[in-house]
Amino acid sequence: MPELPEVEVVRRGLIPHVTGRTIVATEVLDARTVRRQEGGPTAFSALLDGARIGPLVRRGKFLWWRLLDADGSDAGHALVTHLGMSGQLRVRSPALESVSTAGAAHEGPTSDPLRHRRASLMLDDGTVVDFLDQRLFGGLWLSPLVAAPDGHAAGEGSPDALLPASAAHIARDVLDPATDLPRLARSLRTRRAPIKSLLLAQDLVSGIGNIYADEALWAARAHHDTPGEDLSQVRARRILEACREVMLRALEVGGTSFDALYVNVDGRSGYFARSLAAYGREGLPCPRCSTSIRRVQRQGRSCFSCPRCQRGPRTHAGLPG
DNA sequence: CGGGCCCTGGAT
DNA sequence: ATCCAGGGCCCG
(Lines give C-alpha, C1' and ligand atoms only; values in the text may rest on other atoms or scores of the structure.)
Protein backbone atom coordinates (compact mmCIF):
# COMPACT_ATOMS: atom_id res chain seq x y z
CA MET A 1 0.00 0.00 0.00
CA PRO A 2 1.58 3.26 -1.00
CA GLU A 3 2.21 5.49 1.97
CA LEU A 4 4.64 8.40 2.17
CA PRO A 5 7.88 6.48 1.43
CA GLU A 6 6.41 4.71 -1.57
CA VAL A 7 5.02 7.93 -3.01
CA GLU A 8 8.38 9.63 -2.49
CA VAL A 9 10.11 6.77 -4.30
CA VAL A 10 7.71 7.28 -7.19
CA ARG A 11 8.33 11.04 -7.19
CA ARG A 12 12.09 10.61 -7.32
CA GLY A 13 11.77 7.95 -9.97
CA LEU A 14 9.58 10.10 -12.19
CA ILE A 15 11.62 13.30 -12.04
CA PRO A 16 14.35 12.42 -14.56
CA HIS A 17 11.79 11.06 -17.02
CA VAL A 18 9.22 13.84 -17.01
CA THR A 19 10.64 17.14 -15.78
CA GLY A 20 10.83 19.73 -18.56
CA ARG A 21 8.93 17.54 -21.00
CA THR A 22 5.71 18.52 -22.74
CA ILE A 23 2.53 16.47 -22.60
CA VAL A 24 1.43 15.86 -26.19
CA ALA A 25 -1.56 13.62 -25.55
CA THR A 26 -3.48 11.94 -22.76
CA GLU A 27 -5.54 8.80 -22.77
CA VAL A 28 -8.23 8.07 -20.18
CA LEU A 29 -9.30 4.43 -20.30
CA ASP A 30 -11.49 4.52 -17.20
CA ALA A 31 -13.32 7.78 -16.57
CA ARG A 32 -13.58 7.02 -12.83
CA THR A 33 -9.83 7.57 -12.56
CA VAL A 34 -10.23 11.27 -13.33
CA ARG A 35 -11.70 12.50 -10.06
CA ARG A 36 -12.80 15.90 -8.77
CA GLN A 37 -12.26 17.27 -12.27
CA GLU A 38 -14.51 20.05 -13.36
CA GLY A 39 -15.57 19.12 -16.87
CA GLY A 40 -14.52 15.51 -16.38
CA PRO A 41 -12.00 13.58 -18.46
CA THR A 42 -12.61 15.74 -21.53
CA ALA A 43 -11.55 18.94 -19.77
CA PHE A 44 -8.72 17.04 -18.07
CA SER A 45 -7.23 16.01 -21.39
CA ALA A 46 -7.83 19.37 -23.02
CA LEU A 47 -6.05 21.27 -20.25
CA LEU A 48 -3.10 18.89 -20.12
CA ASP A 49 -2.51 18.87 -23.83
CA GLY A 50 0.55 21.02 -24.55
CA ALA A 51 1.39 21.63 -20.89
CA ARG A 52 5.01 21.54 -19.84
CA ILE A 53 5.93 19.61 -16.73
CA GLY A 54 7.60 21.59 -13.95
CA PRO A 55 8.60 20.44 -10.46
CA LEU A 56 7.09 17.28 -8.94
CA VAL A 57 5.96 17.90 -5.40
CA ARG A 58 4.84 15.59 -2.63
CA ARG A 59 3.00 16.27 0.59
CA GLY A 60 2.01 13.16 2.51
CA LYS A 61 0.61 10.73 -0.03
CA PHE A 62 -0.38 13.43 -2.52
CA LEU A 63 1.94 13.90 -5.47
CA TRP A 64 1.40 16.82 -7.79
CA TRP A 65 3.02 17.92 -11.00
CA ARG A 66 3.47 21.66 -11.40
CA LEU A 67 2.61 22.68 -14.93
CA LEU A 68 4.02 25.44 -17.10
CA ASP A 69 2.55 27.15 -20.10
CA ALA A 70 4.37 26.98 -23.43
CA ASP A 71 6.26 30.20 -22.62
CA GLY A 72 7.55 28.74 -19.36
CA SER A 73 5.27 30.72 -17.07
CA ASP A 74 3.42 28.92 -14.31
CA ALA A 75 0.12 27.51 -15.52
CA GLY A 76 -1.53 28.20 -12.18
CA HIS A 77 -2.71 24.66 -11.75
CA ALA A 78 -1.18 21.27 -11.09
CA LEU A 79 -1.78 17.70 -12.10
CA VAL A 80 -2.59 15.96 -8.84
CA THR A 81 -2.05 12.24 -8.50
CA HIS A 82 -3.04 9.98 -5.65
CA LEU A 83 -2.21 6.28 -5.72
CA GLY A 84 -4.96 5.26 -3.31
CA MET A 85 -4.63 1.60 -2.36
CA SER A 86 -3.24 0.05 -5.47
CA GLY A 87 -2.18 2.83 -7.81
CA GLN A 88 1.09 2.83 -9.72
CA LEU A 89 2.78 5.30 -12.01
CA ARG A 90 4.95 3.52 -14.54
CA VAL A 91 7.28 4.95 -17.11
CA ARG A 92 7.46 3.34 -20.50
CA SER A 93 9.83 4.27 -23.28
CA PRO A 94 9.43 3.03 -26.84
CA ALA A 95 12.62 1.01 -26.50
CA LEU A 96 11.41 -0.82 -23.38
CA GLU A 97 7.89 -1.30 -24.68
CA SER A 98 8.71 -4.05 -27.11
CA VAL A 99 10.59 -5.93 -24.38
CA SER A 100 7.63 -5.69 -21.99
CA THR A 101 5.14 -6.75 -24.62
CA ALA A 102 7.22 -9.77 -25.56
CA GLY A 103 7.47 -10.80 -21.91
CA ALA A 104 3.74 -10.45 -21.41
CA ALA A 105 2.91 -12.56 -24.41
CA HIS A 106 5.12 -15.26 -23.01
CA GLU A 107 3.88 -15.29 -19.45
CA GLY A 108 0.17 -14.75 -20.00
CA PRO A 109 -2.32 -12.04 -19.13
CA THR A 110 -1.73 -11.97 -15.35
CA SER A 111 1.80 -10.70 -15.84
CA ASP A 112 0.76 -8.09 -18.39
CA PRO A 113 2.71 -5.03 -17.23
CA LEU A 114 -0.14 -2.82 -18.42
CA ARG A 115 -2.91 -4.69 -16.64
CA HIS A 116 -5.29 -2.28 -14.90
CA ARG A 117 -4.07 0.63 -16.97
CA ARG A 118 -6.52 3.48 -16.36
CA ALA A 119 -4.83 6.47 -17.99
CA SER A 120 -1.66 7.41 -19.84
CA LEU A 121 0.26 10.58 -20.54
CA MET A 122 2.26 10.76 -23.75
CA LEU A 123 5.31 13.04 -23.66
CA ASP A 124 7.09 14.82 -26.48
CA ASP A 125 10.11 12.50 -26.43
CA GLY A 126 8.01 9.37 -26.77
CA THR A 127 7.97 8.55 -23.07
CA VAL A 128 4.63 7.27 -21.81
CA VAL A 129 3.57 7.51 -18.17
CA ASP A 130 0.91 4.93 -17.33
CA PHE A 131 -1.38 5.15 -14.36
CA LEU A 132 -2.33 1.64 -13.28
CA ASP A 133 -4.83 1.00 -10.52
CA GLN A 134 -6.49 -2.27 -9.73
CA ARG A 135 -8.94 -1.07 -7.09
CA LEU A 136 -9.69 2.39 -8.46
CA PHE A 137 -9.17 4.16 -5.15
CA GLY A 138 -6.53 6.35 -6.71
CA GLY A 139 -7.03 9.12 -9.19
CA LEU A 140 -5.75 12.00 -11.29
CA TRP A 141 -7.14 15.51 -11.60
CA LEU A 142 -6.20 19.11 -12.17
CA SER A 143 -6.44 21.64 -9.40
CA PRO A 144 -5.74 25.37 -9.18
CA LEU A 145 -2.89 26.43 -6.93
CA VAL A 146 -3.37 28.24 -3.65
CA ALA A 147 -0.80 29.47 -1.15
CA ALA A 148 0.12 27.51 1.96
CA PRO A 149 -0.74 29.88 4.84
CA ASP A 150 2.60 29.43 6.64
CA GLY A 151 4.57 30.53 3.58
CA HIS A 152 6.95 27.58 3.68
CA ALA A 153 7.59 25.36 0.67
CA ALA A 154 4.34 23.52 0.12
CA GLY A 155 5.92 20.07 0.10
CA GLU A 156 8.94 18.01 -0.88
CA GLY A 157 10.27 19.36 -4.15
CA SER A 158 8.18 22.53 -4.11
CA PRO A 159 9.84 25.74 -5.30
CA ASP A 160 7.34 27.86 -3.36
CA ALA A 161 4.35 27.82 -1.01
CA LEU A 162 1.79 27.01 -3.70
CA LEU A 163 -0.20 23.80 -3.54
CA PRO A 164 -3.32 22.43 -5.20
CA ALA A 165 -6.55 23.64 -3.66
CA SER A 166 -7.70 20.03 -3.47
CA ALA A 167 -4.73 19.17 -1.24
CA ALA A 168 -4.84 22.30 0.90
CA HIS A 169 -6.61 20.47 3.73
CA ILE A 170 -3.78 17.93 3.94
CA ALA A 171 -1.39 18.59 6.81
CA ARG A 172 2.36 18.61 6.39
CA ASP A 173 4.01 15.22 6.90
CA VAL A 174 6.59 14.19 9.48
CA LEU A 175 9.46 14.40 6.97
CA ASP A 176 8.58 17.99 6.08
CA PRO A 177 11.19 20.38 7.55
CA ALA A 178 8.39 22.86 8.18
CA THR A 179 6.59 20.43 10.49
CA ASP A 180 6.97 21.48 14.11
CA LEU A 181 7.08 18.15 15.93
CA PRO A 182 6.70 19.46 19.48
CA ARG A 183 3.73 21.56 18.41
CA LEU A 184 2.18 18.61 16.59
CA ALA A 185 2.72 16.44 19.68
CA ARG A 186 0.90 19.02 21.78
CA SER A 187 -2.00 19.10 19.39
CA LEU A 188 -2.31 15.29 19.48
CA ARG A 189 -2.51 15.57 23.25
CA THR A 190 -5.63 17.70 23.07
CA ARG A 191 -7.55 14.89 21.37
CA ARG A 192 -9.62 12.17 22.92
CA ALA A 193 -9.37 9.78 19.92
CA PRO A 194 -7.02 6.80 20.04
CA ILE A 195 -3.48 7.63 18.96
CA LYS A 196 -3.62 5.41 15.90
CA SER A 197 -6.69 7.22 14.57
CA LEU A 198 -4.84 10.48 15.09
CA LEU A 199 -1.77 9.25 13.21
CA LEU A 200 -4.04 8.28 10.32
CA ALA A 201 -5.86 11.63 10.23
CA GLN A 202 -4.30 13.31 7.21
CA ASP A 203 -5.50 16.76 8.25
CA LEU A 204 -3.41 16.49 11.45
CA VAL A 205 -0.28 14.86 10.09
CA SER A 206 -0.07 13.33 6.65
CA GLY A 207 1.65 10.45 4.95
CA ILE A 208 1.03 7.78 7.59
CA GLY A 209 -1.12 4.82 6.62
CA ASN A 210 -2.11 1.63 8.37
CA ILE A 211 1.25 -0.10 7.92
CA TYR A 212 3.57 2.62 9.16
CA ALA A 213 1.18 3.57 11.94
CA ASP A 214 1.48 0.06 13.36
CA GLU A 215 5.24 -0.01 12.81
CA ALA A 216 5.76 3.36 14.48
CA LEU A 217 3.57 2.44 17.45
CA TRP A 218 5.52 -0.78 17.84
CA ALA A 219 8.83 1.07 17.65
CA ALA A 220 7.66 3.58 20.26
CA ARG A 221 6.18 0.82 22.46
CA ALA A 222 2.82 2.55 22.32
CA HIS A 223 -0.64 1.01 22.18
CA HIS A 224 -2.96 1.98 19.33
CA ASP A 225 -5.93 2.50 21.66
CA THR A 226 -4.25 5.03 23.93
CA PRO A 227 -6.21 8.30 23.76
CA GLY A 228 -4.13 11.21 22.55
CA GLU A 229 -4.94 13.16 25.70
CA ASP A 230 -3.41 10.41 27.86
CA LEU A 231 0.03 10.77 26.27
CA SER A 232 2.78 12.76 27.90
CA GLN A 233 4.57 15.28 25.72
CA VAL A 234 7.67 13.08 25.70
CA ARG A 235 5.68 10.03 24.69
CA ALA A 236 3.76 11.84 21.95
CA ARG A 237 7.01 13.16 20.56
CA ARG A 238 8.57 9.75 20.71
CA ILE A 239 5.71 8.33 18.64
CA LEU A 240 6.08 11.05 16.02
CA GLU A 241 9.83 10.54 15.92
CA ALA A 242 9.19 6.83 15.42
CA CYS A 243 6.94 7.70 12.47
CA ARG A 244 9.74 9.74 11.00
CA GLU A 245 12.35 7.06 11.57
CA VAL A 246 10.32 4.17 10.23
CA MET A 247 9.49 6.09 7.07
CA LEU A 248 13.08 7.22 6.56
CA ARG A 249 14.19 3.63 6.91
CA ALA A 250 11.61 2.51 4.36
CA LEU A 251 12.70 5.26 2.01
CA GLU A 252 16.29 4.05 2.18
CA VAL A 253 15.31 0.64 0.84
CA GLY A 254 12.81 1.89 -1.70
CA GLY A 255 9.45 1.51 0.00
CA THR A 256 7.29 -1.36 1.16
CA SER A 257 5.67 -3.93 -1.02
CA PHE A 258 4.43 -7.39 -0.20
CA ASP A 259 1.35 -8.09 -2.28
CA ALA A 260 2.70 -7.20 -5.72
CA LEU A 261 0.15 -4.42 -6.08
CA TYR A 262 2.74 -1.77 -5.51
CA VAL A 263 5.81 -1.37 -7.63
CA ASN A 264 7.89 1.72 -8.07
CA VAL A 265 8.13 3.78 -11.18
CA ASP A 266 10.49 1.37 -12.88
CA GLY A 267 8.27 -1.58 -12.09
CA ARG A 268 10.51 -2.93 -9.34
CA SER A 269 9.17 -3.57 -5.88
CA GLY A 270 10.61 -2.10 -2.75
CA TYR A 271 11.68 -4.53 -0.12
CA PHE A 272 10.96 -2.89 3.22
CA ALA A 273 8.38 -5.62 3.84
CA ARG A 274 11.19 -7.87 4.99
CA SER A 275 11.85 -5.62 7.94
CA LEU A 276 8.29 -5.11 9.20
CA ALA A 277 8.21 -5.80 12.92
CA ALA A 278 4.47 -5.90 13.59
CA TYR A 279 2.30 -5.26 10.56
CA GLY A 280 0.96 -8.43 8.98
CA ARG A 281 2.74 -10.62 11.52
CA GLU A 282 -0.14 -12.03 13.53
CA GLY A 283 1.03 -15.03 15.54
CA LEU A 284 4.69 -14.45 14.70
CA PRO A 285 7.17 -13.53 17.43
CA CYS A 286 7.74 -9.91 18.36
CA PRO A 287 11.30 -9.11 17.23
CA ARG A 288 11.94 -7.51 20.64
CA CYS A 289 10.48 -9.96 23.15
CA SER A 290 9.23 -12.94 21.12
CA THR A 291 5.65 -12.64 22.35
CA SER A 292 3.14 -13.45 19.59
CA ILE A 293 2.00 -10.43 17.64
CA ARG A 294 -1.73 -9.95 18.01
CA ARG A 295 -4.23 -8.64 15.48
CA VAL A 296 -7.41 -6.76 16.36
CA GLN A 297 -9.90 -4.78 14.29
CA ARG A 298 -10.40 -1.10 14.85
CA GLN A 299 -12.69 0.96 12.64
CA GLY A 300 -12.61 -1.73 10.01
CA ARG A 301 -8.81 -1.80 9.88
CA SER A 302 -6.38 -4.34 11.25
CA CYS A 303 -4.08 -3.36 14.08
CA PHE A 304 -1.02 -5.47 14.74
CA SER A 305 0.78 -5.05 18.04
CA CYS A 306 2.83 -6.83 20.66
CA PRO A 307 0.68 -7.41 23.75
CA ARG A 308 3.78 -7.29 25.94
CA CYS A 309 5.79 -4.36 24.60
CA GLN A 310 2.76 -2.24 23.80
CA ARG A 311 0.68 -2.11 26.92
CA GLY A 312 -2.57 -0.28 26.35
CA PRO A 313 -5.29 1.42 28.31
CA ARG A 314 -7.71 -1.50 28.07
CA THR A 315 -5.62 -4.63 28.36
CA HIS A 316 -7.94 -6.01 31.02
CA ALA A 317 -11.20 -4.47 29.85
CA GLY A 318 -13.95 -5.68 27.56
CA LEU A 319 -12.69 -4.71 24.14
CA PRO A 320 -11.31 -7.51 22.03
CA GLY A 321 -7.55 -7.23 22.07
C1' DC B 1 -15.33 11.29 15.41
C1' DG B 2 -16.87 6.85 14.05
C1' DG B 3 -19.10 4.35 10.38
C1' DG B 4 -20.18 3.49 5.56
C1' DC B 5 -18.91 3.78 1.05
C1' DC B 6 -16.12 3.44 -3.11
C1' DC B 7 -13.67 -0.78 -5.88
C1' DT B 8 -11.39 -5.20 -7.50
C1' DG B 9 -9.48 -9.65 -7.10
C1' DG B 10 -7.26 -13.12 -4.28
C1' DA B 11 -8.25 -16.27 -0.56
C1' DT B 12 -11.45 -19.27 1.65
C1' DA C 1 -20.62 -17.28 -2.79
C1' DT C 2 -18.60 -14.62 0.70
C1' DC C 3 -14.96 -12.23 3.06
C1' DC C 4 -11.18 -9.24 3.27
C1' DA C 5 -7.72 -5.54 2.11
C1' DG C 6 -7.77 -0.08 2.96
C1' DG C 7 -7.03 5.84 1.67
C1' DG C 8 -9.97 9.35 1.56
C1' DC C 9 -14.30 11.45 1.53
C1' DC C 10 -18.99 12.10 3.08
C1' DC C 11 -22.39 11.58 6.32
C1' DG C 12 -24.72 12.10 10.75
Side-chain angles (χ1 to χ4, degrees), chain A residues 1-8 10 28-37 58-64 80-89 108-112 114-119 131-141 143 163-171 173-174 187-217 224-230 243 247 255-263 273 276 278-283 295-304 314 319-320:
Chain A
M1 330 293 161
E3 300 181 24
L4 184 159
E6 290 76 23
V7 180
E8 178 61 16
V10 169
V28 177
L29 293 94
D30 191 315
R32 292 172 293 182
T33 284
V34 178
R35 307 180 174 276
R36 324 185 205 191
Q37 177 69 52
R58 182 194 54 73
R59 175 186 285 210
K61 306 169 197 171
F62 284 76
L63 170 64
W64 64 87
V80 187
T81 64
H82 198 292
L83 302 178
M85 278 287 298
S86 53
Q88 303 171 21
L89 285 165
T110 49
S111 63
D112 180 355
L114 293 184
R115 198 171 177 219
H116 305 306
R117 184 166 69 100
R118 308 300 186 187
F131 180 72
L132 317 184
D133 190 10
Q134 182 213 111
R135 295 180 200 170
L136 290 170
F137 277 22
L140 316 175
W141 64 92
S143 180
L163 78 168
S166 58
H169 62 297
I170 299 299
D173 56 67
V174 288
S187 98
L188 296 182
R189 296 176 58 224
T190 68
R191 310 286 291 251
R192 186 172 300 174
I195 181 61
K196 182 168 175 185
S197 307
L198 299 175
L199 294 180
L200 295 176
Q202 306 294 303
D203 56 346
L204 285 176
V205 54
S206 71
I208 306 167
N210 203 38
I211 297 172
Y212 293 113
D214 277 0
E215 288 302 301
L217 290 168
H224 49 82
D225 284 333
T226 306
E229 62 185 4
D230 289 358
C243 290
M247 293 201 284
T256 302
S257 175
F258 46 79
D259 63 1
L261 282 177
Y262 171 79
V263 279
L276 291 177
Y279 188 86
R281 290 177 39 87
E282 181 180 18
R295 181 173 77 95
V296 296
Q297 291 281 128
R298 291 289 181 271
Q299 296 162 227
R301 265 61 165 171
S302 289
C303 297
F304 296 90
R314 320 179 220 211
L319 275 183

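Here the nucleotide nearest the side chain of A/His169, chosen from C/dG8, C/dC9, C/dA5, is C/dC9. Taking only side-chain atoms of A/Arg32, from C-beta outward, the nucleotide of B/dC1, C/dA5, B/dT8 with the closest atom is B/dT8. For A/Pro194, taking side-chain heavy atoms from C-beta onward, the closest of the listed nucleotides C/dG7, B/dC1, B/dG2 is B/dG2. In this structure, the nucleotide among B/dG9, C/dG7, C/dA5 sitting nearest to the side chain of A/His82 is C/dG7. The side chain of A/Met85 sits closest to C/dG6 out of C/dG6, B/dT8, C/dG7. Comparing atom distances between the A/Tyr279 side chain and each of B/dC1, C/dG8, C/dG6 picks out C/dG6 as nearest. Between C/dA5, B/dT8, C/dG8, one nucleotide has an atom nearer to the side chain of A/Arg301 than all others, and that is C/dG8. For A/Leu136, the listed nucleotide lying nearest its side chain is B/dT8; candidates were C/dA5, C/dG6, B/dT8. Of the listed nucleotides (B/dT8, C/dG6, B/dG2), B/dT8 has the atom at the smallest distance from the side chain of A/Gln134.
The shortest distance between the side-chain N/O atoms of A/Ser302 and the OP1/OP2 oxygens of C/dA5 is below 4.0 Å. Under 4.0 angstrom from either OP1 or OP2 of C/dA5 there lies at least one side-chain N or O belonging to A/Gln297. OP1 or OP2 of B/dG2 lies within a sub-4.0 Å distance of a side-chain N or O belonging to A/Gln299. Between A/His116 and the phosphate of B/dC7, there is no side-chain N or O to OP1/OP2 separation shorter than 4.0 Å. Using a 4.0 Å cut-off, no side-chain N or O of A/Arg298 falls inside it from OP1 or OP2 of C/dG6.
Following rounding to the nearest Å, A/Phe62 (CZ) and C/dG7 (P) show an atom-to-atom distance of 12 Å. Straight-line distance from the CD1 atom of A/Ile208 to the C1' atom of C/dG8: 15 Å, rounded to whole Å. Atoms CG (A/Asp133) and P (C/dG6) sit 16 Å apart, rounded to a whole Å. The CG-C1' distance, from A/Leu200 to B/dC1, rounds to 13 Å in whole Å. Straight-line distance from the CG atom of A/Asp203 to the C1' atom of B/dC1: 11 Å, rounded to whole Å. The interatomic distance linking A/Leu199 (CG) with C/dG6 (P) rounds to 16 Å, in whole Å. Between the CG atom of A/Leu83 and the P atom of C/dG7 there is a distance of 12 Å, rounded to whole Å. When the P atom of B/dG2 is taken as reference, atom CG of A/Leu198 falls 9 Å away, rounded to whole Å.
Applying the 5.5 angstrom centroid cut-off and the 30 degree plane-angle cut-off, the aromatic ring of A/Phe137 is not stacked upon the base of C/dG8.
Ion pair A/Arg58/A/Asp173 flagged as a salt bridge, since at least one NZ, NE, NH1 or NH2 atom sits closer than 4.0 Å to an Asp/Glu carboxylate oxygen. Ion pairing between A/Lys196 and A/Asp214 holds under the 4.0 Å rule for side-chain N and carboxylate O.
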message = Assess the residue pair A/Leu199 and A/Leu217 against the criterion (side chain to side chain contact (heavy atoms under 4.5 Å, CB included)); give the C-alpha distance rounded to whole Å, side-chain angles, the decisive distance to 0.1 Å, and a yes or no.
response = CA-CA 10 Å; A/Leu199 294 180; A/Leu217 290 168; 4.0 Å; yes

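When heavy atoms are screened at a 4.0 angstrom cut-off, A/Arg36 is found touching the sugar-phosphate backbone but no base atom.
For A/Glu229 and A/Thr190, the side-chain atoms include no donor-acceptor pair closer than 3.5 Å.
Crowding of A/Arg192 atom CZ: a count of heavy atoms from other residues, nucleotides or ligands under 6.0 Å not exceeding 12.
Between the two ends of the helix from B/dC1-C/dG12 to B/dT12-C/dA1, each summarised by a five-pair axis, the helix axis turns through 50° (rounded to 10 degrees).
Side-chain contact between A/Leu63 and A/Leu89 is present, with heavy atoms from C-beta onward closer than 4.5 Å. When side chains are defined from C-beta on, A/Leu136 counts as touching A/Thr33, because their heavy atoms get closer than 4.5 Å.
Taking both residues in full, the closest heavy atoms of A/Tyr212 and A/Met247 are given as CG-CG, 4.1 Å, listed atom of the first, atom of the second, then distance. The heavy-atom pair separating A/Glu3 from A/Gly209 by the smallest distance is OE1-N, 2.8 Å.
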